[in-house]
Amino acid sequence: MRYQSILFSAMALVAVSGAAVAGPTVIFNESDFEPGSWSAMTPFWSGIPDGGETAGVTSDRFSGGNPVNHFMLQQYVMNIPQGVFNVIHAPIVMNGWTHDPAVDGALSSVAASVFTFPATSAPDLVNFGGPRLYILQGGAVFMSTAGGNGWEGFEFDEPAQVRNFSGFTSDDFIEVVPDQGIDLDSHPDFGGELMQFAFGVQLTSTGQAGLGTVTSAIGWDDLSLRLQVVPAPGASMLLVGAGLVGM
């Protein structure tokens with residue numbers, strides 16, 4: 001009976017090890033947006049800009065509140081001509097957040113969270129958008145989609161809230177070709193070149209009413225990113241071997 005018990009224990013260990021063994025998790029965090037920890041990209045459209053369409057975006061660290069809270073504030077000023085529809089992006093790049101699959105291991109999935117502050121808009125309810133995580137790789141810009149449990153779109157009068165998504169794979173990011181369009185079939189390579197990470201809001205202009213100049217702002221805080229690394233080859237067999245030696 002003792003040998004049967006050992007055999008059953010070994011079989012159970014093999015069965016468990018045969019399941020997916022999670023690789024290490026890489027965690028990045030930026031709660032205070034310290035100077036030098038970020039840089040803002042030049043704003044760009046995800047479509048061909050209209051001749052009369054203009055936009056300016058400022059991104060800066062902001063201190064306020066009691067006790068003092070340090071967060072990121074992005075302010076948008078857009079001129080929306082009659083009948084124009086486009087989407088503007090102004091990603092904030094986290095300077096120290098890089099992952100090199102060749103050195104650090106290929107990724108299986110990505111998770112992220114961010115706290116968004118109430119924003120202002122004038123005139124009211126003319127801008128709609130959604131927080132997005134961006135991956136910069138090989139000179140291309142990839143944006144997280146709004147599907148699944150991603151950072152869904154919102155109106156700018158929504159209350160402050162923590163936004164989360166998890167389990168995003170490469171297919172959950174699509175390429176934005178600045179000032180040209182979106183390539184739905186182009187995705188980042190989770191096992192390829194060095195990746196850098198950014199976040200921001202894709203701001204949609206609803207210009208059919210010809211509302212002219214619109215100002216909006218959004219605040220960001222407590223940003224975090226979790227990268228799930230693919231387990232190293234043979235990790236399951238090492239677990240089995242270690243278990244059998246232990247027994």
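Excluded from the calculations below are hydrogen atoms, water molecules and symmetry mates; all remaining heavy atoms, backbone and side chain alike, are included. Just so we're clear, the structure is a prediction, and the values are computed from it rather than from any experiment.
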Polar side-chain atom of Arg132 near backbone of Pro91 as donor-acceptor pair, under 3.5 Å: no
Treating Gln137 as the side-chain partner and Gly139 as the backbone partner, does any N or O pair qualify as donor plus acceptor under 3.5 Å? no
dist Leu73:CG -> Ser59:OG (nearest 0.5 Å) comes out at 8.5 Å
Would a 4.5 Å heavy-atom cut-off, applied to side chains only, mark Glu53 and Trp45 as touching? yes
So does Gln228 get a backbone contact from the side chain of Ser109, meaning a donor-acceptor N/O pair under 3.5 Å? no
Closest approach of Glu30 to Ser37 (non-hydrogen atoms, all atoms of both residues): OE1-OG, 2.8 Å
Can you see which heavy atom on Asp222 is nearest to which on Ser31, and at what distance? OD1-CB, 3.5 Å
Verify the cluster assignment for Val141 and Met143: are they in a single hydrophobic cluster under the rule of side-chain heavy atoms below 4.5 Å apart? yes
Under a 4.5 Å cut-off applied to non-hydrogen side-chain atoms, are His99 and Leu107 in contact? yes
Should Val26 and Val110 be regarded as members of a common hydrophobic cluster, given that ILVMFWY residues are connected when their side-chain heavy atoms come within less than 4.5 Å of each other, either directly or indirectly? yes
Looking at Asp183 and Glu175, would you say the former's side chain and the latter's main chain have a donor-acceptor pair under 3.5 Å? no
Side chains of residues 188-196: which donor-acceptor partners sit under 3.5 Å, not counting sequence neighbours?
from: Asp189; atom 1: OD1; to: Gly191; atom 2: N; distance (Å): 3.0
from: Asp189; atom 1: OD1; to: Gly192; atom 2: N; distance (Å): 3.3

Within the 6.0 Å centroid threshold, strictly below: His187 and Phe173: no
Let's go through Phe33 and His70 carefully: what are the C-alpha distance in whole Å and the side-chain angles of both, what is the deciding distance for ring pair (Phe, Tyr, Trp, His ring centres under 6.0 Å) to 0.1 Å, and is it a yes or a no? CA-CA 7 Å; Phe33 295 100; His70 305 290; over 10 Å; no
Hey, quick one: are Ile182 and Met41 part of the same hydrophobic cluster, counting side-chain heavy atoms closer than 4.5 Å, chains of contacts allowed? yes
In this structure, which one of Phe117, Phe199, Phe115 forms a ring pair (Phe, Tyr, Trp, His ring centres under 6.0 Å) with Trp220? Phe199
Shortest non-hydrogen separation from Asn86 to Pro49 and the atoms involved: ND2-CA, 3.9 Å
Using side chain to side chain contact (heavy atoms under 4.5 Å, CB included), reason through Tyr76 and Thr58 one step at a time and then give a plain yes or no. CA-CA 7 Å; Tyr76 294 76; Thr58 58; over 6 Å; no
Can you tell me how far the CG atom of Asp60 sits from the CD atom of Gln74, to the nearest 0.5 Å? 10.5 Å
What's the spacing between Thr25 OG1 and Ile27 CD1 if we round to 0.5 Å? 6.0 Å
For the residue pair Asn95 and Ser39, confirm or rule out a side-chain donor-acceptor distance under 3.5 Å. yes
Joint cluster assignment, Val93 & Ile218, ILVMFWY side-chain distance < 4.5 Å: no
Quick check: closest heavy atoms across Val229 and Asp104, and the distance to 0.1 Å? CG1-O, 3.7 Å
With Arg226, which residues qualify under salt bridge (charged side-chain N to carboxylate O under 4.0 Å, His left out), at least two apart? none
Does one hydrophobic cluster hold both Val162 and Phe71, with members joined at side-chain heavy-atom distances below 4.5 Å? yes
Is the side chain of Ser144 donor-acceptor paired with the backbone N or O of Leu133 at a distance under 3.5 Å, no angle test? yes
Output yes when a side-chain donor or acceptor of His89 lies under 3.5 Å from a complementary backbone atom of Val176, and no otherwise. no
Rounded to the nearest 0.5 Å, how far apart are CG of Leu223 and CG of Asp32? 12.0 Å
Would you please indicate if the ring centroids of Phe28 and Trp97 are separated by under 6.0 Å? yes
Looking at side-chain heavy atoms only, is the closest gap between Phe197 and Ile135 below 4.5 Å? yes
Closest heavy-atom contact between Tyr134 and Gly200? CE1-N, 3.7 Å
Indicate whether the side chain of Thr116 and that of Arg163 have a donor and an acceptor atom separated by less than 3.5 Å. yes
For a 4.5 angstrom cut-off between non-hydrogen side-chain atoms, does Trp38 reach Met72? yes
Measuring only between side-chain heavy atoms, which start at C-beta, is Phe165 closer than 4.5 Å to Asp172? no
CG of Asp185 to CG of Asp171: how many Å apart, nearest 0.5 Å? 10.0 Å
Any side-chain heavy-atom pair from Thr145 and Ile174 closer than 4.5 angstrom? yes
Heavy-atom nearest pair, Ser113 first then Asn164, reads CB-OD1, 2.8 Å
Which distance, rounded to the nearest 0.5 Å, do you find between the CZ of Phe142 and the OG of Ser170? 7.5 Å
